[in-house]
Amino acid sequence: MSALETISENRAFGGTQGVYSHRSSATGTDMKFAVYVPPHDTDATLPVLWYLSGLTCTHANVMEKGEYRAACAEHGIIFVAPDTSPRGDGVPDDEAYDLGQGAGFYIDAERKPWSTHYRMETYVARELPELLAKHFPLDMKRQGITGHSMGGHGALTLALRRPGNYKSVSAFAPIVAPSKVPWGQKAFLNYLGTNEEIWHNHDAYSMIFIGRGVPELLIDVGDADQFLDEQLKPEILKGVCLEAGIDLKLRIQPGYDHSYYFISTFMAEHIAWHAERLKA
């Protein structure tokens with residue numbers, strides 16, 4: 001287990017907002033992440049909500065714009081925001097924003113040159129939780145997961161691929177069927193190759209279609225989202241969840257776009273929703 005380096009810590013709503021880094025064995029790089037720990041009794045362990053960010057983002061976007069700390073302090077929830085990909089010298093990249101650094105898609109790449117470093121599923125779902133459990137008062141039996149756009153895809157697929165690991169799942173404007181849309185097709189072709197059967201193992205719509213599931217989902221999408229029709233397609237998730245018996249609460253929010261103005265507006269409601277399930 002690598003050492004944890006503190007980059008910064010600041011007092012906020014009675015708790016501590018920190019930024020940290022460590023050397024990841026999964027990605028072979030240094031990785032940064034943000035953790036907010038709310039005020040709590042000395043010996044208490046707290047539920048944790050993982051937030052996965054979207055294309056081009058780092059841990060800093062939600063930390064600076066997400067407006068989650070007051071709600072996390074109110075409900076006693078630790079909030080963790082990993083980075084979206086490995087970074088640094090020697091890490092493969094692409095000049096386009098939707099591939100390479102900043103666009104890891106929360107999968108373990110199988111094709112070179114990506115496969116050496118782009119192992120984000122292992123990092124987010126296994127390595128980082130094991131590290132943080134040694135340094136923060138996390139109750140690993142009470143984990144929730146959420147995310148935005150590419151991170152919404154990550155939240156849905158990690159929950160579907162790891163049954164029982166997360167007690168609650170939500171998303172903001174997620175890519176629900178990456179196998180069917182340009183963002184996902186580009187990433188999957190480069191990271192996973194041409195075998196679309198492998199793609200379907202990282203596609204929320206496809207996994208639910210073949211029988212994987214979670215008890216319930218909360219999803220918010222803005223009807224003014226510029227990516228709604230081409231990249232997000234929430235209506236197809238609604239249909240497959242109905243057939244599978246998954247309790248999907250899909251809220252189409254009038255006038256909202258894809259930005260953090262949208263996310264920050266509904267963040268407190270998502271945290272409260274997770275809190276009800278993580279404290280049960």
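What you see is a predicted model; the values in this text were computed from it and never measured.
Contact detail for A109 and S115: the closest heavy-atom pair is O-CB, 3.4 Å. The nearest pair of heavy atoms linking I271 to I77 is O-CD1, 4.0 Å. Of all heavy-atom pairs between A159 and V169, the closest is CB-CG2, 3.5 Å.
The list of salt bridge (Lys or Arg N to Asp or Glu O under 4.0 Å) pairs with a residue in residues 71-90, not counting sequence neighbours, reads D83-R87. Residue pairs meeting the side-chain hydrogen bond (donor to acceptor under 3.5 Å, both in side chains) criterion with at least one partner in residues 209-218, sequence neighbours excluded, are E216-R277. Every pair passing salt bridge (Lys or Arg N to Asp or Glu O under 4.0 Å) that includes a residue from residues 28-49 is listed here, sequence neighbours excluded: R23-D30. Evaluation of the salt bridge (Lys or Arg N to Asp or Glu O under 4.0 Å) test over residues 101-112, restricted to residues two or more places apart or in two chains, returns D108-R119. Annotation: side-chain hydrogen bond (donor to acceptor under 3.5 Å, both in side chains) contacts involving residues 152-164, sequence neighbours excluded, comprise E121-R161. Judged as a side-chain hydrogen bond (donor to acceptor under 3.5 Å, both in side chains), not a single pair has a partner in residues 227-250 (not counting sequence neighbours). Contacts classified as salt bridge (Lys or Arg N to Asp or Glu O under 4.0 Å) and involving residues 183-192 (residues at least two apart or in different chains) are given here: D98-K186.
Residues satisfying the side-chain hydrogen bond (donor to acceptor under 3.5 Å, both in side chains) test with Y20, not counting sequence neighbours, are E9. With sequence neighbours excluded, no residue forms a side chain to side chain contact (heavy atoms under 4.5 Å, CB included) with P215. Under the side-chain hydrogen bond (donor to acceptor under 3.5 Å, both in side chains) criterion, S259 pairs with D257, sequence neighbours left out. Partners of D225 according to the side-chain hydrogen bond (donor to acceptor under 3.5 Å, both in side chains) rule, which considers only residues two or more places apart in sequence or in another chain, are H258. Among residues two or more places apart in sequence or in another chain, the side-chain hydrogen bond (donor to acceptor under 3.5 Å, both in side chains) test is passed with D139 by R142.
Proximity of K65 to M267: side-chain heavy atoms (C-beta onward) are nowhere separated by under 4.5 Å. Counting heavy atoms from C-beta on, the side chains of L242 and L248 never come closer than 4.5 Å. Side-chain contact between W50 and L132 is present, with at least one heavy-atom pair separated by less than 4.5 Å. With contacts defined as side-chain heavy-atom distances shorter than 4.5 Å, the pair Q253/T265 does not qualify. With contacts defined as side-chain heavy-atom distances shorter than 4.5 Å, the pair L49/Y51 does not qualify. At least one side-chain heavy atom of K180 sits less than 4.5 Å from a side-chain heavy atom of I236. Looking at T27 and S85, their side chains never come closer than 4.5 Å, going by heavy atoms from C-beta outward. Inter-residue side-chain proximity for H22 and F33 is flagged as met; some heavy-atom pair is nearer than 4.5 Å.
Ring-centre distance between Y191 and Y118: below the 6.0 Å cut-off. In this structure, F13 has its ring center no closer than 6.0 Å to that of Y36. Between H148 and F227, the ring centre distance reaches or exceeds 6.0 Å. Taking the ring centroids of H270 and F172, they lie under the 6.0 Å cut-off.
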Stepwise side-chain hydrogen bond (donor to acceptor under 3.5 Å, both in side chains) test for S25 and E127: CA-CA 8 Å; S25 60; E127 183 183 12; 3.2 Å; yes
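Other residues, nucleotides and ligands place no more than 12 heavy atoms under 6.0 Å from the OH atom of Y261. A 6.0 Å sphere centred on CZ of F136 holds more than 12 heavy atoms belonging to other residues, nucleotides or ligands.
Residue S149 holds its OG atom at 4.5 Å from CD1 of I175, rounded to the nearest 0.5 Å.
Formation of a donor-acceptor pair under 3.5 Å by the W199 side chain with backbone atoms of G193 is found in this model. Although no hydrogens or angles enter the test, the distance criterion places a donor-acceptor pair under 3.5 Å between the side chain of T84 and the main chain of C57. With hydrogens and angles ignored, the 3.5 Å screen pairs no side-chain donor or acceptor of S170 with any backbone N or O of T146.
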